[in-house]
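Both ligands and their constituent atoms are indexed starting at 1 by order of listing.
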Amino acid sequence: MQILFHAPDANPAPWLAELQAALPQAQLRVWQEGDTAPADFAVVWKPPAAMLQGRTDLKGIFNLGAGVDAILQLGDALPAGVPIVRLDDAGMGVQMAEYVSHAVLRYFRKFDQLDAQQRAGKWRFVKAHEKENFSVGILGLGVLGSRIAAALAPFGFPLHGWSRTQKTADGMTCHAGADALPGFLAASRVVVCVLPLTADTAGILNRANLSVMPAGGYLINVARGAHLVEEDLLALVQAGHIAGATLDVFRQEPLPPDHPFWQEPRITITPHIAAVTLRADSVRQIAAKINRLQQGQDVPGVVERARGY
Ligand code: NDP
Ligand code: OXD
């Protein structure tokens with residue numbers, strides 16, 4: 001079994017060693033420009049078109065992340081009929097739960113204000129927001145969105161969720177489809193975006209939609225930078241309708257030094273670290289799926305190309 005590897009931001013050596021240990025029968029190689037020798041599987045992050053074009057010999061392409069926007073933008077360069085398999089949680093769910101819980105609680109308990117008071121040497125009582133009016137809405141109720149909802153549930157915030165197909169979940173009001181978006185937004189004091197980036201969801205965090213949120217709303221975007229129209233958020237924060245935001249993803253990454261977000265204290269910036277790809281968990285998951293595919297069995301996490309996730 002031949003496996004191609006390509007992950008430009010990672011050191012390939014430990015990946016190859018761990019994949020080899022998990023799949024002793026495999027022969028692994030880092031893909032190089034011009035390599036068209038046969039292969040059975042590819043393990044990739046942001047692959048170039050030349051790596052995958054015409055490779056109908058592949059039995060599966062494993063994406064080293066949950067989001068598949070970067071690979072799907074290769075369009076017709078992707079070999080038809082070859083399953084593209086994304087990471088299903090693989091240790092990202094708990095990281096997302098930690099990140100979003102932290103951001104929600106920080107805003108709810110006004111820790112920014114408390115930090116500023118400490119820096120100024122002030123001892124002053126600060127009341128949390130009122131919980132019954134502090135509803136949290138999650139855009140995207142898939143693998144990561146449902147893990148975030150489960151982490152927030154014990155705090156007792158009214159919870160809302162929005163997805164393409166209707167869900168039911170104890171303790172959460174579930175909204176589905178484009179027509180239900182305004183009702184979801186109007187009901188969500190805090191909006192957490194954990195949607196895949198698709199033609200339908202690009203730019204969804206725009207002025208019109210963010211304006212539907214209650215005054216004093218707060219945005220947490222852990223999905224993709226292109227979900228957010230950045231100048232619209234800035235205008236709404238500066239106008240006071242949106243109280244602030246915690247953003248992990250941006251249209252341009254790294255965020256350019258002259259980007260106005262850096263100068264806006266109500267916007268908290270993190271460098272796309274909400275949930276990182278964990279090597280051991282990912283290797284375990286990919287090896288198990290390769291073994292299943294080799295035996296002709298189905299695997300979870302196969303991307304529906306037409307729907308974009
Ligand atoms: P899933 O595919 O499991 O879940 C996607 C959810 O979004 C589903 O509930 C789906 O609805 C919903 N959805 C998709 N399109 C629409 C639409 N048009 N309208 C309404 N709902 C829609 O993805 P994951 O939870 O695993 O990951 C989500 C995203 O998180 C990734 O695509 C990636 O961009 C981002 N991510 C960011 C990371 C970071 O560090 N910042 C790390 C990992 C992921 P339905 O259930 O009905 O299909
Ligand atoms: C992912 C990411 O999609 O790291 O997994 O953003």
Inset, instruction - Kindly write out the residues that satisfy salt bridge (charged side-chain N to carboxylate O under 4.0 Å, His left out) with Glu230, not counting sequence neighbours, or none if the list is empty. - result: none
Inset, instruction - Hey, can you tell me if His160 and Phe184 have their rings parallel, tilted or perpendicular (30° and 60° cut-offs)? - result: perpendicular
Legend entry - Where ligand 1 meets Met92 - atom numbers and elements under 4.0 angstrom, heavy-atom basis: 43 (C)
Inset, instruction - Might you confirm whether atom CG of Asp179 has over 12 heavy atoms from other residues, nucleotides or ligands at distances under 6.0 Å? - result: no
Legend entry - Taking atom 48 (O) of ligand 1 as the reference point, the nearest protein heavy atom with its distance: Tyr309 OH, 2.5 Å
Legend entry - Protein heavy atom at shortest distance from atom 11 (O) of ligand 1: Arg164 N, 3.3 Å
Inset, instruction - Taking the six-membered ring of Phe62 (Phe, Tyr or Trp), confirm whether the NZ or CZ of Lys289 is under 6.0 Å from its centre and within 45° of its axis. - result: no
Legend entry - Within the 6.0 Å centroid threshold, strictly below: Tyr218 and Phe108: no
Inset, instruction - Grab the two heavy atoms, one from His241 and one from Ser211, that are nearest each other, plus how far apart they are. - result: NE2-O, 3.2 Å
Legend entry - Any donor-acceptor N/O pair, Trp15 side chain to Ala10 backbone, under 3.5 Å: no
Legend entry - Option among Arg86, Lys46, Arg224 that satisfies the salt bridge (charged side-chain N to carboxylate O under 4.0 Å, His left out) test with Asp69: Arg224
Tabulate distances under 3.5 Å between N/O atoms of ligand 2 and N/O atoms of the protein, writing both atom names on each line.
residue, atom, partner, partner atom, Å
ligand 2, 3 (O), Ala66, N, 3.4
ligand 2, 3 (O), Gly67, N, 2.8
ligand 2, 3 (O), Arg224, NH2, 2.7
ligand 2, 5 (O), Ala66, N, 2.7
ligand 2, 6 (O), Arg224, NH1, 2.9
ligand 2, 6 (O), Arg224, NH2, 3.3
ligand 2, 6 (O), His272, NE2, 2.7

Legend entry - Contact with ligand 1 for Gln166, non-hydrogen, under 4.0 angstrom: no
Inset, instruction - Step by step, work out the salt bridge (Lys or Arg N to Asp or Glu O under 4.0 Å) result for Arg147 and Asp89. - result: CA-CA 9 Å; Arg147 185 66 182 78; Asp89 192 322; 5.3 Å; no
Inset, instruction - Would you mind running through ligand 1 and noting each atom that sits below 4.0 Å from a heavy atom of Gly140? - result: 6 (C), 7 (O), 9 (O)
Legend entry - Sidechain-backbone polar pair: Gln20 side chain, Gln27 backbone, donor-acceptor under 3.5 Å: no
Inset, instruction - May I ask you to identify the nearest protein heavy atom to atom 6 (C) of ligand 1, giving residue, atom name and distance to one decimal place in Å? - result: Gly142 N, 3.6 Å
Inset, instruction - Would you check if the distance from the ring center of Phe250 to the ring center of His259 is below 6.0 Å? - result: no
Inset, instruction - Could you tell me whether Val249 and ligand 1 have an N or O pair separated by under 3.5 Å? - result: no
Legend entry - Closest approach of any protein heavy atom to atom 19 (N) of ligand 1, naming residue and atom: Trp162 CH2, 3.2 Å
Inset, instruction - Could you check atom 1 (P) of ligand 1 against the protein and tell me its nearest heavy-atom contact, residue, atom and distance included? - result: Arg86 NH2, 3.5 Å
Legend entry - Check: Met96 N/O within less than 3.5 Å of ligand 1 N/O: no
Legend entry - Atoms of ligand 1 close to Leu195 [distance to a heavy atom under 4.0 angstrom, numbered from 1]: 7 (O), 12 (C), 13 (N), 21 (N), 22 (C), 29 (C), 34 (O)
Legend entry - Test: Asp298 and Arg292 ion pair at under 4.0 Å: no
Inset, instruction - Considering heavy atoms of the protein only, find what lies nearest to atom 37 (C) of ligand 1 and give residue, atom and distance to 0.1 Å. - result: Val222 O, 3.0 Å
Inset, instruction - Measure the distances from the heavy atoms of Gln95 to every atom of ligand 1 and state whether one is below 4.0 angstrom. - result: no
Inset, instruction - Might you point out which heavy atoms bring Leu52 and Ala42 nearest each other, and give the distance in Å? - result: CD2-CB, 4.2 Å
Inset, instruction - For Asp200, counting its heavy atoms only, list the atoms of ligand 1 lying under 4.0 Å from any of them. - result: 18 (N)
Inset, instruction - Among all protein heavy atoms, pick out the one at the shortest distance from atom 42 (C) of ligand 1; state its residue, atom name and that distance to 0.1 Å. - result: Ala275 O, 3.2 Å
Inset, instruction - Pick, from Leu197, Asp88, Leu144, the option with the minimum heavy-atom distance to atom 44 (C) of ligand 1. - result: Leu144
Inset, instruction - Assign the ring pair Phe134 / Tyr107 to parallel, tilted or perpendicular, where the plane angle (0 to 90°) is split at 30° and 60°. - result: tilted
Legend entry - atom 5 (C) of ligand 1: nearest protein contact (heavy atom, Å): Pro196 CD, 3.5 Å
Inset, instruction - Report yes or no: do Asp35 and Gln32 form a side-chain donor-acceptor pair below 3.5 Å? - result: no
Inset, instruction - Take every heavy atom of Asp248, measure it against each atom of ligand 1, and state whether any distance is under 4.0 Å. - result: yes
Inset, instruction - Using distance alone, determine whether Thr201 and ligand 1 share an N or O pair under 3.5 Å. - result: no
Inset, instruction - Run the numbers for me: atoms of ligand 1, each under 4.0 Å from some heavy atom of Val194, listed by number. - result: 28 (C), 29 (C), 30 (O)
Inset, instruction - Work out whether the distance between some heavy atom of Lys167 and some atom of ligand 1 is less than 4.0 Å. - result: yes
Inset, instruction - Consider only side-chain N and O atoms of Thr270 and Tyr99, and report whether a donor and an acceptor are under 3.5 Å apart. - result: yes
Inset, instruction - Say whether Leu141, considering both its backbone and side-chain N or O atoms, lies within less than 3.5 Å of an N or O atom on ligand 1. - result: yes
Inset, instruction - State whether the side chain of Gln95 and the backbone N or O of Gly91 hold a donor-acceptor pair below 3.5 Å, judged by distance alone. - result: yes
Inset, instruction - Report, in ascending order of atom number, the atoms of ligand 1 lying under 4.0 Å from any heavy atom of His272. - result: 39 (C), 40 (O), 41 (N)
